[in-house]
Amino acid sequence: ELKDRVLQELSQARRLAGEPETPFAYATDFLLAADKAFSLVQKLGNIHSDLPVTFWLTPAETLELEAGDLFDKALLLAGLLKALGGVPRVRVLELEKNRIHPVVVFAFEERDYLLDASQPECGLTAYVGALEELLQRFSFDGSKCLKSAYEFSDLDYQEF
């Protein structure tokens with residue numbers, strides 16, 4: 001449903017711009033759709049929990065609550081980008097101040113993109129280029145990235 005919503009918003013933007021209606025094509029439309037997906041996920045509320053156990057909400061639960069924690073939003077965004085034809089990964093970063101933080105990374109046309117749905121300023125154009133350079137520049141709440149801890153997708157898992 002959320003994928004359909006993204007595609008409807010993409011069609012609406014085309015109509016408003018006076019462009020012809022065309023079916024979604026990954027090669028020409030993915031980045032526009034990814035930007036709309038980021039905006040939808042970023043608008044969800046934030047949940048901060050100090051529970052002694054860690055668990056992730058399902059994407060359906062996140063949408064039902066209209067809120068999620070950092071990982072819930074990253075998982076939802078990655079799933080949505082996958083539904084749009086992308087190959088996203090959730091990369092968990094070790095930050096200063098002994099913190100961990102998930103971001104969504106993907107490649108498109110030989111460029112890497114890093115998205116952080118918990119920060120409005122970390123949209124599609126904020127972190128574009130070579131992934132290692134993006135990670136060096138990334139910060140969350142004043143804490144810089146020290147290193148990547150692990151990364152996963154629906155197909156694999158990798159520790160660093």
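Keep in mind that what you see is a predicted model, and the values were worked out from it rather than measured.
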Are [Y] and [X] connected into the same hydrophobic cluster when the rule is that any two of I, L, V, M, F, W, Y join if their side-chain heavy atoms are below 4.5 Å apart?
X    : Y    : value
L2   : F24  : yes
F140 : L131 : yes
L31  : L77  : yes
V105 : F71  : no
L70  : L146 : no

Mind listing the side-chain donor-acceptor pairs of residues 85-97 below 3.5 Å, one per line with the distance, residues two or more places apart or on another chain?
unit_1, atom_1, unit_2, atom_2, d
R89, NE, E151, OE1, 3.4
R89, NE, E151, OE2, 2.9
R91, NE, E151, OE1, 2.7
R91, NH1, S148, OG, 3.0
R91, NH2, E151, OE1, 2.8
E96, OE1, K144, N, 3.0

[atom1]/[X] to [atom2]/[Y] distance, rounded to the nearest 0.5 angstrom?
X    : Y    : atom1 : atom2 : result
R111 : Y127 : CZ    : OH    : 15.5 Å
R99  : C145 : CZ    : SG    : 12.5 Å
D35  : T125 : CG    : OG1   : 7.5 Å
Q8   : E1   : CD    : CD    : 10.5 Å

message: My understanding is that only residues two or more places apart in sequence, or in another chain, count here; which of them pass side chain to side chain donor-acceptor pair (under 3.5 Å) with D156?
response: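 If we apply the side chain to side chain donor-acceptor pair (under 3.5 Å) test to D156, skipping adjacent residues, the hits are S153.
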task: Kindly write out the residues that satisfy side chain to side chain donor-acceptor pair (under 3.5 Å) with E66, not counting sequence neighbours, or none if the list is empty.
output: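 Partners of E66 by the side chain to side chain donor-acceptor pair (under 3.5 Å) criterion come out as none, since no residue qualifies.
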- prompt: With under 30° as parallel and over 60° as perpendicular, where do the rings of F108 and Y26 fit, or are they tilted in between?
  reply: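 Rings of F108 and Y26: perpendicular, as their planes differ by over 60°.
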- prompt: Can a donor-acceptor pair be found between the side chains of D116 and H101 at a distance below 3.5 Å?
  reply: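 Judged by distance alone, the side chains do pair up.
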- request: Start with the C-alpha gap between Q119 and F138, add the side-chain angles, then the distance that decides, and say whether side chain to side chain contact (heavy atoms under 4.5 Å, CB included) holds.
  value: CA-CA 11 Å; Q119 301 185 78; F138 181 81; 3.6 Å; yes
query: In terms of side-chain geometry, is the basic nitrogen of R15 or E21 positioned less than 4.0 Å from the acidic oxygen of its partner?
result: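 Salt bridge present between R15 and E21.
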field: Heavy atoms of other groups near R5 CZ, more than 12 under 6.0 Å
entry: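 At most 12 heavy atoms, drawn from other residues, nucleotides or ligands, come within 6.0 Å of this atom.
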- prompt: Does atom CD of E61 have more than 12 heavy-atom neighbours, drawn from other residues, nucleotides or ligands, at distances under 6.0 Å?
  reply: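 Yes, enclosed.
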task: Go through the steps to decide whether V41 and L115 satisfy the test side chain to side chain contact (heavy atoms under 4.5 Å, CB included), and finish with yes or no.
output: CA-CA 11 Å; V41 174; L115 299 175; over 6 Å; no
- prompt: Stepwise, does the side chain to side chain contact (heavy atoms under 4.5 Å, CB included) test hold for T62 with L75?
  reply: CA-CA 10 Å; T62 302; L75 290 169; over 6 Å; no
Of all the heavy-atom pairs spanning [X] and [Y], show the shortest one and how long it is.
X   : Y    : value
L10 : L32  : CD1-CB, 3.5 Å
A37 : L84  : CB-CD1, 4.3 Å
A27 : E109 : O-OE2, 4.0 Å

- request: Start with the C-alpha gap between L40 and V6, add the side-chain angles, then the distance that decides, and say whether side chain to side chain contact (heavy atoms under 4.5 Å, CB included) holds.
  value: CA-CA 8 Å; L40 287 173; V6 167; 3.5 Å; yes
query: Quick check, are the ring centers of F30 and F106 under 6.0 angstrom apart?
result: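 Yes, ring centres under 6.0 Å apart.
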query: With distance as the sole test, does S143 use its side chain to make a donor-acceptor pair with the main-chain N or O of S139 at under 3.5 Å?
result: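 Checked: no pair found.
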message: Quick check: do D69 and D72 have side-chain heavy atoms less than 4.5 Å from each other?
response: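 Of all side-chain heavy-atom pairs linking D72 with D69, at least one is under 4.5 Å.
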field: Student check: side-chain heavy atoms of F152 and Q158 closer than 4.5 Å
entry: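 When only atoms from C-beta onward are counted, Q158 and F152 do not touch, as no gap falls below 4.5 Å.
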